[in-house]
Amino acid sequence: MSQAIVTRYHPLARALHWVLALAIVGNFILGVYMSDLPFSPARLQYYSWHKWAGVLVLAFSAVRLVTRLLAPPPALPLNIEAAMPGWQKMAHHATHIGLYALFFAVPLTGWAFSSAAGFPIVLFGVLPLPDFVPVSESLADVLKETHEITAFAMAALVLLHVAGAVKHQVIDRDGLMSRMGFGR
């Protein structure tokens, strides 16, 4: 393994990275699972949990974006950047930009879909959130498809992000993953 010093992300950025990772993966799995269930009280409960998790992803994403603006990510170590071909640098940056855009697009399209379908979000069953689009069956159809497409796009980018991290850890052995870890 390279002995290069790897600068780490801010502790709040690292915590939010892992919280969002778990929430996004878990909520994606729940969304895929619940979508084909027959109508039942369990399905309604899963939809509520899915919506609540989506609102939390949106809130944590906002905090993460503010954290990123106030404590920008460290530059790639020179030895790692020098070893990366141009296409990998471009993929690195494009993946991060795409993920940040989808951190907001996926939950917002889900919220809009819920509003258009006439099913308001009541966070944790006690806090009603405002509907920000009118009830409209045709709009709900478009927003449902948009939500699904953006969710699958985020899943693809998450897989690409994980593949890049694994490549750096297993193949390159350059210590890049330690920038987002919690150990020493």
Side-chain angles (χ1 to χ4, degrees), residues 9 12-69 73 87 90-167 180:
Y9 280 77
L12 181 57
R14 291 193 317 258
L16 288 168
H17 174 273
W18 293 108
V19 167
L20 278 168
L22 291 172
I24 288 167
V25 170
N27 211 25
F28 178 79
I29 292 168
L30 177 60
V32 169
Y33 171 74
M34 71 185 193
S35 65
D36 289 331
L37 291 177
F39 184 79
S40 68
R43 182 178 183 191
L44 293 174
Q45 184 63 64
Y46 295 149
Y47 268 83
S48 290
W49 292 345
H50 182 75
K51 291 176 187 184
W52 301 347
V55 170
L56 292 176
V57 164
L58 185 60
F60 283 129
S61 295
V63 173
R64 184 164 184 197
L65 180 59
V66 169
T67 301
R68 187 177 180 100
L69 295 173
W87 70 268
M90 188 170 64
H92 165 83
H93 293 296
T95 300
H96 282 96
I97 290 168
L99 283 170
Y100 270 90
L102 291 168
F103 288 163
F104 293 93
V106 174
L108 286 172
T109 58
W111 188 347
F113 162 56
S114 190
S115 297
F119 297 106
I121 298 173
V122 182
L123 192 58
F124 305 122
V126 295
L127 179 63
L129 300 181
D131 291 328
F132 60 91
V133 298
V135 174
S136 164
E137 186 176 339
S138 60
L139 180 59
D141 290 342
V142 170
L143 288 168
K144 179 181 182 184
E145 187 165 338
T146 303
H147 181 61
E148 289 174 359
I149 290 168
T150 57
F152 277 95
M154 182 158 32
L157 285 183
V158 166
L159 289 174
L160 184 62
H161 180 68
V162 170
V166 168
K167 179 231 181 235
M180 199 48 86

Check [X] against [Y] and note the closest heavy-atom contact, atom names and distance.
{"X": "A91", "Y": "T95", "result": "O-OG1, 2.7 Å"}
{"X": "V106", "Y": "T109", "result": "O-OG1, 3.0 Å"}
{"X": "P107", "Y": "V57", "result": "CG-CG1, 4.3 Å"}
{"X": "K51", "Y": "S114", "result": "NZ-OG, 2.9 Å"}

Working to the nearest 0.5 Å, report the span between [atom1] of [X] and [atom2] of [Y].
{"X": "L56", "Y": "L20", "atom1": "CG", "atom2": "CG", "answer": "10.0 Å"}
{"X": "I149", "Y": "K144", "atom1": "CD1", "atom2": "NZ", "answer": "12.0 Å"}
{"X": "S40", "Y": "M34", "atom1": "OG", "atom2": "CE", "answer": "12.0 Å"}
{"X": "L160", "Y": "K167", "atom1": "CG", "atom2": "NZ", "answer": "12.0 Å"}

Practice task
Indicate, with yes or no, if the rings of F113 and F119 have centres closer together than 6.0 Å.
Solution key: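 Not close enough - the centres of the two rings lie 6.0 Å or further apart.
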
Side chains of [X] and [Y], heavy atoms from C-beta outward: is any pair under 4.5 Å?
{"X": "V32", "Y": "F152", "value": "yes"}
{"X": "F28", "Y": "V158", "value": "no"}
{"X": "F103", "Y": "L65", "value": "no"}

Exercise for the section: Give a yes or no answer on whether the side chain of R43 reaches the backbone of L37 with a donor-acceptor pair at less than 3.5 Å. Expected result: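 Yes.
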
Exercise for the section: Anything under 30° is parallel, anything over 60° is perpendicular, the rest tilted; go ahead and classify H161 against H96. Expected result: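 Geometry flag for H96 against H161: perpendicular rings.
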
Exercise for the section: Could you label the plane-to-plane angle of the W49 and Y46 rings as parallel, tilted or perpendicular, counting under 30° as parallel and over 60° as perpendicular? Expected result: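 W49 vs Y46 ring planes: tilted.
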
